[in-house]
Number of protein chains: 2
Amino acid sequence: MKLSQGVEWALHTCLNLGWIEEEGEGAAAPTARLAAFYDLPPAYLNKQLQALVRAGILSSTPGPRGGFRLARRLDEITPLDIVVAIEGRAEAFECVQILRDGPGGDAATDYRSACLISQTMSKADLAWRNALASETLADIRDRVVRTYSQSPQATRDWFQNARR
Amino acid sequence: MKLSQGVEWALHTCLNLGWIEEEGEGAAAPTARLAAFYDLPPAYLNKQLQALVRAGILSSTPGPRGGFRLARRLDEITPLDIVVAIEGRAEAFECVQILRDGPGGDAATDYRSACLISQTMSKADLAWRNALASETLADIRDRVVRTYSQSPQATRDWFQNARR
DNA sequence: GCATCTATACTCGGATAAGCGATGTCCGAGTACTGGAGG
DNA sequence: CCTCCAGTACTCGGACATCGCTTATCCGAGTATAGATGC
């Protein structure tokens, strides 16, 4: 029961792409730059970003001056979107319907909905997902601006300098 | 991001122990019986039940007529207790503080609390845990009694018959 | 000087290995019962 | 008939294998740029 490392990387990277976007419009950042920012393994980060592209969160351009950029605005991306893109849509608690193999078990019944324990776990899972979907990356960005006011510009500068 | 199989087994087994308890007082159920009820691998279920014993949820007795029984009443056990006993106390999203390795990163700062992304994820984790702690196994038991009224007695009978 | 073509360097994308935790299994330590022997 | 004792069967508990997924890496396909060449 541990969330993949990639989720954290993806969240931070999307925010970084947000800062970059504000700078110049067409600026796409290649994996190498994004990975260097946090000293992450570039090839593996690339793998995660591919998942975000498949989910329609990022768009990618190959070739020189290419890289990744946001496919939607930050206020149209929730943390849940990122989690689902990386981890998949499956719930944390996957009911394997063991009641089916117990006495009185019915092969035709869907115990994922009938089992009361499964219901309780699903309710908790829903609470988690709701919390993750209750705010957007734009909300987090705004909070960063208010809390660490110098940080956004510093990040923009870093990517600007790294470019040359 | 998947919950261990053992959580589901443990939840169902604790409920079963609840039914058994209502029958005769000193009745302890051995792993073999509890596993046979759902056709689970006995040795592995045993491993999970050991974790529940360490957590103080069950108590165990070795030797003939031994086995596991509830160490507390069902209304003093929440699904969260079971999850923590099996999975451990760690959050699903473990912030590895990648900001520390970024530009402007400070080795003295604890980014698990300072990082706004980490805060968002922790809030979601808290929502999940609150949902899991908001009801007890007694609540679930009562709901089973109301929804599947014949099921409790059938379960008790099964364990009773299996005993001889 | 300008257009075109070719070579080049850079990027993503998916196919391919390694490491670690969840899953699954086994045997030893300890305990209560059962049967028999002795008083 | 009662008591004591030894053997036995049963249970948990932790140590030992196996599997799958997360982690990590590499190379090929495609593209825009830069430079050279011809007009």
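None of these values were measured; they are calculated from a predicted model. Residue numbers start from 1 in every chain, and the chains themselves are labelled A, B, ... in the order their sequence lines are given, proteins ahead of strands.
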List the steps and the verdict of side chain to side chain contact (heavy atoms under 4.5 Å, CB included) for A:I86 and A:Q48.
CA-CA 7 Å; A:I86 304 282; A:Q48 314 295 344; 3.7 Å; yes
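Between B:L58 atom CG and D:dC12 atom P there is a gap of 11 Å when expressed in whole angstrom units. The CG-C1' distance, from B:L40 to C:dT23, rounds to 13 Å in whole Å. Atom NZ in B:K2 sits about 14 Å away from atom C1' in D:dT22, given to the nearest Å. Rounded to whole angstrom, the span from the CD atom of B:Q50 across to the C1' atom of C:dA22 amounts to 16 Å. Computed from coordinates, the A:L3 CG to D:dC21 P distance equals 17 Å when rounded to whole Å. Between the OH atom of A:Y44 and the P atom of C:dC12 there is a distance of 17 Å, given to the nearest Å. Rounded to whole Å, atom P of D:dC21 lies 13 Å from atom NZ of A:K47. A:L49 has its CG atom 14 Å from the P atom of D:dT23, to the nearest Å.
Residue B:P30 has its side chain nearest to D:dC12 when only C:dG24, D:dC12, C:dC12 are considered. Listed nucleotides D:dG13, D:dT33, D:dA24 differ in distance to A:R65; the shortest reach to its side chain belongs to D:dT33. Listed nucleotides C:dT25, D:dC26, C:dT31 differ in distance to A:A43; the shortest reach to its side chain belongs to D:dC26.
Contact annotation: B:S4 reaches the phosphate of C:dT23 (side-chain N/O to OP1 or OP2, under 4.0 Å). Distances shorter than 4.0 Å separate none of the side-chain N or O atoms of B:T31 from OP1 or OP2 on D:dT11. In this structure, B:R54 reaches the D:dG14 phosphate: one of its side-chain N or O atoms is under 4.0 Å from OP1 or OP2.
Nearest-nucleotide mapping onto DNA chain D: of B:G67 and A:Q48, the residue sitting toward the 5' end is B:G67. Where A:P64 and A:N46 each meet DNA chain D at their nearest nucleotide, the meeting point lying more 5' is that of A:N46.
Note on B:R129 versus B:D125: salt bridge recorded, some NZ/NE/NH1/NH2 to OD/OE distance being below 4.0 Å. Look at A:R143 and A:E135 and you find a salt bridge, because one of the NZ, NE, NH1 or NH2 atoms lies within 4.0 Å of a carboxylate O, short of that distance.
By the neighbour-count criterion of 12 heavy atoms within 6.0 Å, atom CZ of A:R72 is densely surrounded, having more than that number from other residues, nucleotides or ligands. Shown here is B:R73, whose CZ atom has no more than 12 heavy atoms of other residues, nucleotides or ligands within 6.0 Å.
In summary, the side chains of A:D81 and A:T78 do present a donor paired with an acceptor at a separation below 3.5 Å, with no hydrogens or angles considered.
Summarising the geometry of A:A71 relative to A:G56, their closest heavy-atom pair is CB-O, 3.5 Å, with the distance given to 0.1 Å.
Scanning residues 5-13 of chain B for heavy-atom distances under 4.0 Å to DNA chain C yields B:Q5, B:W9.
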